[in-house]
Peer 1: 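I am attaching a structure below and will ask some questions about it afterwards.
Reckoned from all heavy atoms, side chains included, excluding hydrogens, waters and symmetry mates. None of the values given here were measured: they were computed from a predicted structure.
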Amino acid sequence: MDRLIEFTNDFLTQENKVPDLSWINVAIAATFLLVNGLGLKLEKSLLTSSIRCIVQLTIMGQVLDSVFKAKNPILVMLMTFALIFLSSCETVYNKSEWSYGGIFPSVFVSTGFSTLLIGIIGTRFAMNEHHFWKPELFIPTVGLLLGITAGGMAVGIRSCLSKVGEQSEQIETYLSFGASRWEAGRTVAIEAIRVAMLPTINQMSVIGLITIPGAMSGQILGGGSIMNAVRYQQIITFMVSATTSLGVLSVVYYCIHHLIDKRHRLRPERVHKYKANVFRDIKFLFVGVYSELFQENEEEGHDHSINENTPLIR
């Protein structure tokens with residue numbers, strides 16, 4: 001009887017044990033990429049993305065291992081801000097086909113505000129973790145939030161900037177009849193937010209029915225309780241929805257604020273149909289600070305230089 005109990009315990013332990021993986025296993029999985037090489041001329045993109053995947057995840061693993069062992073809230077916050085910064089760079093410089101001056105600061109602030117607010121509140125109260133900064137919980141949660149939010153914000157920016165070009169006459173008509181920039185840009189903002197939120201809403205409708213999401217799969221593979229993994233995934237899903245909504249709303253607000261100036265004039269020349277450039281953004285930052293500090297008084301003393309005959313695009 002004792003042998004039977006011992007055999008049963010050993011069997012259950014082996015069932016819940018995650019297999020140890022090596023670089024050989026990664027190499028075997030990498031051969032699956034050959035399926036994509038079907039004469040579609042994707043070889044260069046696949047090779048670049050694969051190398052980035054291996055290098056980035058390896059570095060991330062080494063850094064997270066050190067942060068998890070340290071259990072220092074300062075290191076956790078530094079890691080969080082690094083993730084927010086990298087996510088903002090990915091959104092602005094890789095995912096956004098349209099740009100405008102100062103796009104990176106707006107995306108960075110929007111991403112940081114939405115992720116930190118929902119991440120901290122959700123971890124503390126929804127997940128019932130008193131020490132919300134616990135690295136094993138907070139950092140993976142922030143990573144999950146950023147992964148979905150970055151895509152939603154990129155869609156929101158692209159939709160907002162393209163709609164401004166398509167509906168420029170309508171917006172100018174509203175402005176000519178005395179509408180404020182928020183009243184004139186309301187239709188564009190609502191449409192951009194709606195389009196950006198559609199993927200998140202669609203994901204919520206099929207989750208658990210068609211797909212088993214990553215957070216739930218990770219906890220199950222780690223040997224956790226299935227029902228606890230289900231509840232964790234539900235919490236994460238609602239947090240992702242809130243984070244995406246806040247992030248998209250914030251960045252679309254900044255878009256409208258930038259494209260319709262404080263004199264309630266539409267400024268389509270500020271929209272650029274090319275990807276943002278980090279050096280251009282740095283230049284915009286310094287020029288913007290200089291203008292706010294030194295040119296505001298000059299404009300107040302020379303209001304006659306800007307009138308209704310001043311061309312909008314030079």
Peer 1: For residues M239 and T141, report the shortest heavy-atom separation together with the two atoms involved.
Peer 2: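 Scanning both residues, the minimum pair turns out to be CE-CG2, 3.7 Å.
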
Peer 1: Do other residues, nucleotides or ligands put more than 12 heavy atoms under 6.0 Å from the OH atom of Y232?
Peer 2: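 Yes - once you tally the heavy atoms of other residues, nucleotides and ligands closer than 6.0 Å, there are more than 12.
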
Peer 1: Could you pull out the closest heavy-atom pair between V251 and S110, with the gap in Å?
Peer 2: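 Closest approach of V251 to S110, heavy atoms only: N-OG, 3.4 Å.
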
Peer 1: Do N25 side-chain atoms and S22 backbone N/O form a donor-acceptor pair below 3.5 Å?
Peer 2: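 Yes, the answer is positive, given that a donor and an acceptor are paired below the 3.5 Å cut-off.
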
Peer 1: Among the clusters formed by ILVMFWY side chains lying less than 4.5 Å apart, do I121 and V76 turn up in the same one?
Peer 2: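 Hydrophobic grouping puts I121 apart from V76.
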
Peer 1: S159 side chain to G156 main-chain N or O, any donor-acceptor pair under 3.5 Å?
Peer 2: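 Here the side-chain-to-backbone pair does not exist.
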
Peer 1: Begin from the C-alpha positions of V155 and M197 and carry the test side chain to side chain contact (heavy atoms under 4.5 Å, CB included) through to its verdict.
Peer 2: CA-CA 9 Å; V155 172; M197 288 298 298; over 6 Å; no

Peer 1: Please work out which of the three classes, parallel, tilted or perpendicular, describes the rings of F85 and F104, given edges at 30° and 60°.
Peer 2: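 F104 and F85: perpendicular rings.
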
Peer 1: Should E136 and K71 count as an ion pair when the cut-off is N to O under 4.0 Å?
Peer 2: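 Between K71 and E136 there is a salt bridge, with a charged N closer than 4.0 Å to a carboxylate O.
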
Peer 1: So for atom CD, which belongs to E166, do other residues, nucleotides or ligands contribute more than 12 heavy atoms lying within a distance under 6.0 Å?
Peer 2: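 Atom CD in E166 is packed in, count exceeds 12.
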
Peer 1: Minimum heavy-atom separation for I256 and A189, please, with both atom names.
Peer 2: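 I256 and A189 have their closest heavy atoms at CG1-CB, 4.4 Å.
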
Peer 1: Can you see which heavy atom on S114 is nearest to which on T243, and at what distance?
Peer 2: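 Scanning both residues completely, I find the closest heavy atoms to be CB-O, 3.5 Å.
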
Peer 1: Does the side chain of L83 come within less than 4.5 Å of I139's, by heavy atoms?
Peer 2: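 Yes, their side chains come closer than 4.5 Å.
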
Peer 1: Examine distances only and state if a side-chain atom of E183 and a backbone atom of S180 form a donor-acceptor pair shorter than 3.5 Å.
Peer 2: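 Here the side-chain-to-backbone pair exists.
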
Peer 1: As a quick check of understanding, evaluate side chain to side chain contact (heavy atoms under 4.5 Å, CB included) for L75 and W133, giving each step before the final call.
Peer 2: CA-CA 10 Å; L75 289 179; W133 48 264; over 6 Å; no

Peer 1: Using a cut-off of 6.0 Å, state whether more than 12 heavy atoms not belonging to I212 lie near its atom CD1.
Peer 2: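 Atom CD1 in I212 is not crowded, with 12 or fewer foreign heavy atoms closer than 6.0 Å.
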
Peer 1: Looking at S87 and I84, would you say the former's side chain and the latter's main chain have a donor-acceptor pair under 3.5 Å?
Peer 2: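 Not at all, since once roles are kept as given, no pair shorter than 3.5 Å links the two residues.
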
Peer 1: State, to 0.1 Å, how close V107 and S88 come at their nearest heavy-atom pair, and which atoms those are.
Peer 2: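 For V107 versus S88, the nearest heavy atoms are O-OG, 3.9 Å.
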
Peer 1: Verify the distance criterion only: is there a donor paired with an acceptor across the side chains of Q233 and T237 at less than 3.5 Å?
Peer 2: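 Checked: Q233/T237 side chains pair up, N/O donor to acceptor below 3.5 Å.
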
Peer 1: If you round to the nearest 0.5 Å, how far is CD of E90 from OG of S96?
Peer 2: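 Going from the OG atom of S96 to the CD atom of E90 covers 9.5 Å.
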
Peer 1: So does L246 get a backbone contact from the side chain of S250, meaning a donor-acceptor N/O pair under 3.5 Å?
Peer 2: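 Side chain of S250 to backbone of L246, a donor-acceptor pair under 3.5 Å: no, none is there.
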
Peer 1: Considering non-hydrogen atoms only, spot the tightest contact between W98 and I103 and give its length.
Peer 2: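 Heavy atoms only, the tightest pair is O-CD1, 4.0 Å.
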
Peer 1: Heavy-atom count check: over 12 atoms from other residues, nucleotides or ligands less than 6.0 Å from L21 CG?
Peer 2: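 Buried by this count: over 12 neighbours within 6.0 Å.
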
Peer 1: For R267, is there an ion pair with E269 - N to carboxylate O distance below 4.0 angstrom?
Peer 2: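 Salt bridge flag = yes for R267 with E269.
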
Peer 1: Tell me whether K95 at atom NZ has more than 12 heavy atoms from other residues, nucleotides or ligands lying less than 6.0 Å away.
Peer 2: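 Yes, because the 6.0 Å sphere around NZ of K95 holds more than 12 heavy atoms from other groups.
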
Peer 1: Kindly check if the number of other-residue, nucleotide or ligand heavy atoms within 6.0 Å of CZ (R186) is above 12?
Peer 2: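 For R186, atom CZ is not crowded (no more than 12 foreign heavy atoms under 6.0 Å).
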
Peer 1: With no hydrogens and no angle check, is any side-chain donor or acceptor of T31 less than 3.5 Å from a backbone partner on I28?
Peer 2: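 Pair found, side chain donor or acceptor close to backbone of I28.
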
Peer 1: Measure the shortest side-chain to side-chain distance between T80 and T115 over non-hydrogen atoms and say whether it is less than 4.5 angstrom.
Peer 2: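 Not in contact.
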
Peer 1: Has the side chain of S245 got a donor or acceptor atom that lies under 3.5 Å from a matching backbone atom of S241?
Peer 2: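 No; zero donor-acceptor contacts below 3.5 Å.
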
Peer 1: For the side chain of R181 and the backbone of H257, is there at least one donor-acceptor N/O pair under 3.5 Å apart?
Peer 2: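 Side chain of R181 to backbone of H257: a pair is present.
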
Peer 1: So, do L175 and R265 sit near enough that their side-chain heavy atoms are less than 4.5 Å apart?
Peer 2: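 Not in contact.
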
Peer 1: What verdict does the side chain to side chain contact (heavy atoms under 4.5 Å, CB included) test give for L116 and V142, after you've listed the backbone C-alpha separation in whole Å, the side-chain angles of each residue and the deciding distance to 0.1 Å?
Peer 2: CA-CA 8 Å; L116 289 175; V142 169; 5.8 Å; no

Peer 1: Taking atom types as modelled and ignoring hydrogens, do the side chains of S205 and N202 form a donor-acceptor contact shorter than 3.5 angstrom?
Peer 2: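 Distance-only check fails for S205 and N202.
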
Peer 1: Quick one: CZ on R270 to NE2 on H258, what's the gap to the nearest 0.5 Å?
Peer 2: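 The NE2 atom of H258 is 5.0 Å from CZ of R270, to the nearest 0.5 Å.
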
Peer 1: Taking T123 for the side chain and G119 for the main chain, is one N or O donor matched with an acceptor at less than 3.5 Å?
Peer 2: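 Yes.
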
Peer 1: Starting at CD1 of I190, measure out to NZ of K163 and round the result to the nearest 0.5 Å.
Peer 2: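 Result: 13.0 Å between the selected atoms.
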
Peer 1: Is the shortest side-chain heavy-atom distance between Y254 and L249 below 4.5 Å?
Peer 2: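 Y254 vs L249: side chains apart.
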
Peer 1: Let me confirm one number: the CE-SG distance from M153 to C160, rounded to the nearest 0.5 Å.
Peer 2: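 Spacing of CE (M153) from SG (C160) equals 12.0 Å.
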
Peer 1: Distance check, rounded to the nearest 0.5 Å: R124 atom CZ versus I120 atom CD1?
Peer 2: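 Reported value, rounded in 0.5 Å steps: 12.0 Å.
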
Peer 1: Are the side chains of L266 and S168 in contact, using a 4.5 Å heavy-atom criterion?
Peer 2: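 They are in side-chain contact.
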
Peer 1: Say you draw a straight line from CG of L33 to CG of L47; how long is it, rounded to the nearest 0.5 Å?
Peer 2: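 That separation rounds to 9.5 Å.
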
Peer 1: Verify whether one side chain among S106 and Y100 offers a donor that lies under 3.5 Å from an acceptor in the other.
Peer 2: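 The answer is yes; a qualifying pair exists.
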
Peer 1: Taking atom CZ of F81 as the centre, report whether more than 12 heavy atoms of other residues, nucleotides or ligands fall under 6.0 Å from it.
Peer 2: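 No.
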
